[in-house]
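Every chain is numbered from 1, with letters handed out A, B, ... down the list of sequences. Bear in mind the structure is a predicted one, so any value in this text is a computation, not a measurement. Computation of the quantities below employed the complete heavy-atom set of this structure, encompassing side-chain atoms and omitting hydrogens, waters and symmetry-equivalent molecules.
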Amino acid sequence: MGGDHGHKDSQIDPGSRIGDSHKHKEKHRDKEHKHKDHKKDKERERVKPRHADGKHEDFAERKHRDKDKAKHKDRSVERHKDKHKDKEKRREDKNKTLGFDEKPRKEQENGFASPPRVKAEPDCDGFYQSPRHEKSLKREFEDDDTEFKPKKIKIENEKKVKKRKTEEEEDVKPKKKTKDKREDDGETKKKGKKEPEEKWKWWEEERYTDGSKWKFLEHKGPVFAPPYEPLPNNIKFYYDGKHMKLSPLAEEVATFFAKMLDHEYTTKDIFRKNFFKDWRKEMTSEEKSRIIDLNKCNFTEMHEYFKAQTEARKQMTKEEKQKIKEENERILQEYGFCVMDNHKERIGNFRIEPPGLFRGRGDHPKMGMLKRRIRPEDIIINCSKDSKHPKPPPGTKWKEVRHDNKVTWLASWTENIQGSIKYIMLNPSSRIKGEKDWQKYETARRLKKCVDRIRTQYRDDWKSKEMRIRQRAVALYFIDKLALRAGNEKEEGETADTVGCCSLRVEHIKLYPEMDGQEFVVEFDFLGKDSIRYYNKIPVEKRVFKNLQLFLENKQPEDDLFDRLNTSILNKHLQELMDGLTAKVFRTYNASITLQQQVKELTCPEDNIPAKILSYNRANRAVAILCNHQRAPPKTFEKSMQNLQTKIDAKKDQLADARRELKSAKADAKVRRDEKSKKAVEAKKKAVQRIEEQLMKLEVQATDREENKQIALGTSKLNYLDPRISVAWCKKWNIPVEKIYNKTQREKFAWAIDMADEDFEF
DNA sequence: ATACACACTTAGCATGTCTAAA
DNA sequence: TTTAGACATGCTAAGTGTGTAT
């Protein structure tokens with residue numbers, strides 16, 4: 001909502017948007033998304049998401065994005081002159097202090113300190129207590145147990161820091177949950193000696209409560225992109241039909257373009273324009289004066305060359321491949337880990353992003369711009385003062401080395417397209433990410449305890465006499481019911497035109513007092529994060545409907561639907577309703593609660609394992625639909641589906657054969673009545689059974705895949721579903737977790753796998 | 001209030017790797 | 001053994017949310 005929050009009056013005044021920051025997009029973009037059919041109907045019935053009211057009528061339309069974005073195009077690129085440059089400057093000074101002396105910003109910034117409860121909600125199920133899990137339960141987040149006491153903050157001095165052990169907690173409310181502290185009595189405790197830690201169970205240890213993220217951090221710095229290798233001389237570039245040898249810099253940028261020639265976006269105006277402009281900046285003055293029209297540039301030799309290279313790479317011998325692999329492994333071992341507080345932890349992205357052409361998602365005004373090469377001089381290193389500092393490559397220097405233990409990143413740099421900061425951080429399996437993740441779910445579980453109250457309140461607020469309250473209440477209703485994202489405002493013209501709840505515009509919804517036999521239907525149609533289309537028709541309560549009509553009064557399509565609201569106002573309000581509550585918590589909460597409820601509902605005890613897994617996947621799918629996690633149908637989808645069908649048919653034939661054989665074996669046995677033929681019957685029976693099982697498995701697989709055609713399960717699984725729900729489900733039905741989580745996922749969710757038992761309830 | 005800087009989570013897609021069928 | 005395709009992983013863009021300066 002860029003500029004127009006200033007005016008308090010309801011009327012939006014389009015004229016008032018001065019400044020460059022807000023003129024509303026010249027929306028002549030036809031938002032006509034052709035709505036496709038309903039192929040997903042059957043699925044919807046099956047999975048029936050939490051709100052039965054017909055959500056997601058059709059989100060089939062996915063990839064629609066790519067086509068559609070084309071239409072949204074053409075907001076001129078010019079108009080945003082590079083305003084992003086100077087942000088660089090002022091970040092110097094900050095962070096001088098890294099001591100702990102600085103005022104603790106908000107004690108619970110980690111959520112580590114148990115915050116005051118807003119209201120004592122009914123206690124929840126202390127599932128943790130399960131006796132057999134005692135040892136894992138030592139730490140808990142603020143969640144249940146309302147009166148949880150702040151743990152003691154131990155100030156560890158340097159040496160002790162080594163082991164953030166788990167002594168502590170005496171005064172913990174003698175709730176049953178205080179289980180044996182310090183169980184280092186061997187067995188699970190491998191850490192006794194062997195530091196090379198087997199599996200470090202950080203979740204059994206104390207968390208920091210002072211706002212620091214670590215006490216010790218040592219790493220080797222990032223790995224830079226390999227330097228540019230000039231093209232061989234026989235690979236030529238032609239301008240206007242004539243060969244032209246480019247200077248190395250210009251040539252490098254040209255190769256970026258050449259590599260992308262197959263992509264549709266190299267045909268887009270904006271892309272080409274941005275590219276050409278940035279390319280020219282890298283040219284020598286002669287080149288610049290000669291190369292003035294991108295259309296006269298011929299990159300095909302370069303393009304072919306790269307294609308051949310890719311091909312060659314594929315054709316490499318095993319040994320060569322092995323060699324590369326080993327080299328990568330070596331680099332990984334050297335740079336891919338750091339030491340944080342005495343534990344070796346995996347770094348997430350230790351390689352600096354290589355230069356190239358920026359391709360934003362959706363209709364991005366900056367597509368095609370040159371993403372410049374990052375040098376050591378651009379990098380800020382973060383590590384402990386007393387660690388061995390990483391060395392910059394010979395002959396270079398870091399931009400800065402700082403020692404800020406209030407943040408988690410190891411290195412950062414400022415990217416030149418948006419001027420935003422990029423970071424090198426730890427892998428999701430690390431303690432620092434894991435704790436945060438765990439905490440996130442605990443916050444969502446706290447929401448569970450007060451969501452009824454909050455819902456009652458926002459429904460009440462629909463009647464408020466203040467417009468802002470009503471808008472807030474309706475927006476919150478959408479966020480809760482439809483799991484919409486918050487919708488921060490974005491800088492106009494700097495990014496693709498996408499919205500979330502608070503930034504919805506009038507043009508994004510349509511109201512139907514009556515539709516298909518339902519009253520008060522709202523139709524949503526907008527591009528959300530990553531320019532993924534959200535399309536949904538949903539009946540709402542009358543009061544909501546009336547409010548929406550009110551909000552729409554006297555507005556233009558490009559005006560904000562919620563003109564008195566933004567995410568900051570909303571979150572401030574939410575904060576008052578529950579400590580730590582923000583808009584995104586609703587997504588987490590609704591996703592997780594939906595999984596839990598769906599999985600309960602869909603799992604049939606009699607089913608075999610594959611069928612149970614199908615149920616699980618369907619529950620997962622319900623969540624993905626709720627969260628609108630779409631994907632492009634895999635390119636090979638149809639084909640692979642066909643293949644699977646072929647397999648199924650073959651299996652069926654095989655089954656028929658097996659049955660026939662069984663029959664004749666039986667007949668045979670009847671006649672002969674000897675041991676041998678009896679055995680034969682048994683064997684045949686077994687065979688039939690086995691084949692039946694295989695067939696069933698295939699069929700389940702086919703169903704699952706079909707249903708998954710354009711839904712991505714991964715995102716919700718990784719980011720929204722409390723892993724303990726899944727783990728509990730596995731334990732309950734005796735399903736190996738490997739069926740649900742692959743290796744990476746198991747690493748990320750190690751804490752949950754270790755601590756959740758089958759009674760876990762979200 | 002608003003704007004901005006920053007940190008950190010969430011996201012889809014491209015590519016690489018593994019696996020199982022041919 | 002080869003190859004297709006499934007699946008895992010890497011990559012990095014695009015969000016959210018907080019804190020601070022204006």
Out of C:dC11, C:dA13, B:dC8, whichever nucleotide has its closest atom nearest the side chain of A:Lys213: B:dC8
Of the candidate nucleotides B:dC13, C:dG15, B:dC8, which contains the atom at the shortest distance from the side chain of A:Arg631? B:dC13
OP1 or OP2 of C:dG15 versus the side-chain N and O atoms of A:Lys490: is any pair under 4.0 Å? yes
Any side-chain N or O of A:Thr715 below 4.0 angstrom from OP1/OP2 of B:dT10? no
Establish, with yes or no, whether the OP1 or OP2 oxygen of B:dT10 is under 4.0 angstrom from a side-chain nitrogen or oxygen of A:Lys440. yes
Would you tell me if any nitrogen or oxygen in the side chain of A:Asn488 comes within less than 4.0 Å of OP1 or OP2 on C:dT16? yes
For A:Phe358, does the six-membered ring have the charged nitrogen or CZ of A:Lys371 within the cation-pi criterion, i.e. under 6.0 angstrom from the centroid and within 45° of the normal? no
With a 4.0 Å cutoff (strictly under), does any side-chain N or O of A:Arg351 reach OP1 or OP2 of C:dT12? no
Is there a side-chain polar atom (N or O) of A:Lys436 under 4.0 Å from OP1 or OP2 of B:dA7? no
Going by the angle between their ring planes, with limits at 30° and 60°, are A:Tyr265 and A:His263 parallel, tilted or perpendicular? parallel
N/O (side chain, A:Lys433) to phosphate O (OP1/OP2, B:dT9) under 4.0 Å: yes
From OH of A:Tyr741 across to P of C:dC7 the rounded distance in Å is 17 Å
Classify A:Lys371 by what it touches in the nucleic acid, base, sugar-phosphate, or nothing, heavy-atom distance under 4.0 Å. sugar-phosphate
How is A:Pro428 classified with respect to the nucleic acid when contacts are heavy atoms under 4.0 Å: base, sugar-phosphate, or nothing? nothing
Between P of C:dG10 and CG of A:Asn328, the distance in whole Å: 11 Å
Without decimals, in angstroms, what is the distance between A:Asp530 CG and C:dC11 P? 18 Å
Can you check the A:Gln630 CD to B:dG12 C1' distance for me, whole Å? 11 Å
NZ of A:Lys422 versus P of C:dA14: gap in Å, rounded? 9 Å
Need one value for A:Arg346: base, sugar-phosphate or nothing, where a base atom within 4.0 Å counts as base even if backbone is also close, heavy atoms only. sugar-phosphate
Mind checking A:Thr498 for me? I need base, sugar-phosphate or nothing, with any heavy atom below 4.0 Å counting as a touch. sugar-phosphate
Would you mind classifying the nucleic acid contact of A:Ala712 as base, sugar-phosphate or nothing, using non-hydrogen atoms under 4.0 angstrom? nothing
Both A:Thr310 and A:Tyr423 contact DNA chain B. Which one's nearest nucleotide lies toward the 5' end? A:Tyr423
Ring-ring centroid check A:His508 A:Tyr534, cutoff 6.0 Å: no
It should be established whether A:His629 places a side-chain nitrogen or oxygen under 4.0 Å from OP1 or OP2 of nucleotide B:dT10. no
Checking C:dA14, C:dT12, C:dG17 against the side chain of A:Pro354 (C-beta onward), the nearest is C:dT12
Can you identify which nucleotide, out of C:dT12, C:dT18, C:dG17, has its nearest atom closest to the A:Gln575 side chain? C:dT18
Does the B:dT9 base have a donor-acceptor partner in the side chain of A:Lys584 within less than 3.5 Å? no
Side-chain N or O of A:Asn571 less than 4.0 angstrom from OP1 or OP2 on C:dG17? yes
Counting only side-chain nitrogens and oxygens, does A:Arg361 get under 4.0 Å of the OP1 or OP2 atom of C:dC11? no
Can you tell me how far P of B:dA5 sits from CG of A:Asp404, to the nearest Å? 18 Å
Is it true that A:Asn488 and A:Thr567 share a donor-acceptor pair across their side chains at a distance under 3.5 Å? yes
Can a side chain N or O of A:Asn742 be found less than 4.0 Å away from OP1 or OP2 on C:dA8? yes
Is it true that A:Tyr335 and A:Phe350 have ring centroids separated by less than 6.0 Å? no
Taking the six-membered ring of A:Trp438 (Phe, Tyr or Trp), confirm whether the NZ or CZ of A:Arg207 is under 6.0 Å from its centre and within 45° of its axis. yes
Would you say a side-chain N or O of A:Thr567 is under 4.0 Å from OP1 or OP2 of C:dG17? no
Give a yes/no on whether any side-chain N or O of A:Tyr720 is located under 4.0 angstrom from OP1 or OP2 of B:dA11. yes
Within the pair A:Ser420 and C:dA14, is there a side-chain N or O less than 4.0 Å away from OP1 or OP2? no
Pick the nucleotide of DNA chain B nearest each of A:His263 and A:Ser412; which residue has the one closer to the 5' end? A:Ser412
Let me know, please, whether A:Ala486 or A:Gly348 comes out on the 5' side of the other along DNA chain C by nearest nucleotide. A:Gly348
Which part of the nucleic acid does A:Gly528 contact within heavy-atom distance under 4.0 Å: base, sugar-phosphate only, or nothing? sugar-phosphate
Sequence neighbours excluded, which residues qualify as salt bridge (Lys or Arg N to Asp or Glu O under 4.0 Å) partners of A:Glu334? A:Lys220, A:Arg330
